[in-house]
Student: 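Could you have a look at this structure, given as structure tokens, before my questions?
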Amino acid sequence: MELGDAIRVCFSKYFDFEGEASRPEFWWFFLFAGVVNFALTIVSNKLSGLFSLVVFVPFLAVTVRRLHDANRSGWWLLSGFVPVLGWIVLGFLLVREGDRPNAIEGAAD
């Protein structure tokens, strides 16, 4: 999955918290959101805030789908509220390979 594909899929599944998201889908969207937010912060904090609001729900959705691919409940996302340890646990879950034996890395649902 390429950057453009990940952005398209994440925005097309704006409110879709079902199913699974591959590692490339999640990390490309993560990179896109981070880079654009950084660039907009340089231009205007208001634009950066508006962009953050626009990508907030699709980012939550792709994160929950990524956790599903790691065979975890989306509720594990709440572990991010625990400083340091929660971030480490959540990071580990988001980085690990999916548990589906026949999964093709990068294949969209």
Student: Within the side chain of His68, is there an N or O that forms a donor-acceptor pair under 3.5 Å with the backbone of Gly19?
Tutor: yes
Student: If you compare all heavy atoms of Ala6 against all heavy atoms of Pro24, which two are closest, and at what distance to 0.1 Å?
Tutor: CB-O, 4.4 Å
Student: For residues 74-87, which residue pairs qualify under side chain to side chain donor-acceptor pair (under 3.5 Å), counting only residues two or more places apart or in two chains?
Tutor: none
Student: Drop me the distance from Leu93's CG to Asn71's CG, to the nearest 0.5 angstrom.
Tutor: 10.5 Å
Student: If we only count heavy atoms from C-beta on, is the Val55 to Phe11 side-chain gap below 4.5 Å?
Tutor: yes
Student: Name all residues meeting the side-chain contact (heavy atoms from CB on, under 4.5 Å) criterion together with Arg8; count only those two or more places apart in sequence or in a different chain, and write none if there are none.
Tutor: Asp5
Student: Please name all residues satisfying ring-ring contact (aromatic ring centres under 6.0 Å, His included) with Phe32, sequence neighbours left out, ordered by chain then number.
Tutor: Phe29, Phe51
Student: Count the heavy atoms belonging to other residues, nucleotides or ligands that lie under 6.0 Å from CZ of Phe30, then report whether that count exceeds 12.
Tutor: no
Student: Applying side chain to side chain donor-acceptor pair (under 3.5 Å) as the test, list every pair that has at least one member in residues 44-59; sequence neighbours left out.
Tutor: Asn37-Ser48, Asn37-Ser52, Thr41-Ser48
Student: Any chain of hydrophobic side-chain contacts (each under 4.5 Å) joining Leu40 to Leu53?
Tutor: no
Student: Using the rule that Ile, Leu, Val, Met, Phe, Trp and Tyr join whenever any side-chain heavy atoms are under 4.5 Å apart, tell me whether Phe26 and Met1 fall into a single cluster.
Tutor: no
Student: If you measure from the Lys or Arg side-chain nitrogens to the Asp or Glu carboxylate oxygens, is any gap between Glu25 and Arg66 under 4.0 Å?
Tutor: no
Student: Indicate if Val54 and Leu31 have the same hydrophobic cluster label, given that clusters are the connected sets of ILVMFWY residues with side-chain heavy-atom separations under 4.5 angstrom.
Tutor: yes
Student: Residues in salt bridge (charged side-chain N to carboxylate O under 4.0 Å, His left out) with Asp16, at least two apart?
Tutor: none
Student: How far apart are the closest heavy atoms of Pro58 and Cys10, and which atoms are they?
Tutor: CB-O, 3.7 Å
Student: Show the nearest heavy-atom pair for residues Trp27 and Leu94, with the distance to one decimal.
Tutor: NE1-O, 3.5 Å
Student: Does Arg65 reach the side chain of Ser22, with side-chain heavy atoms less than 4.5 Å apart?
Tutor: no
Student: Are Val95 and Trp28 grouped together when hydrophobic residues (ILVMFWY) are joined by side-chain heavy atoms under 4.5 angstrom apart?
Tutor: yes
Student: Evaluate Phe59 against Thr63 for side chain to side chain contact (heavy atoms under 4.5 Å, CB included), listing each step before the verdict.
Tutor: CA-CA 6 Å; Phe59 189 75; Thr63 304; 3.8 Å; yes
Student: Could you tell me whether the side chain of Ile42 reaches within less than 4.5 Å of the side chain of Phe38, counting heavy atoms only?
Tutor: yes
Student: Partners of Leu60 by side-chain contact (heavy atoms from CB on, under 4.5 Å), sequence neighbours excluded?
Tutor: Phe17, Phe56, Leu77
Student: Is there a continuous path of hydrophobic side-chain contacts, each under 4.5 Å between heavy atoms, that joins Leu67 to Leu78?
Tutor: no
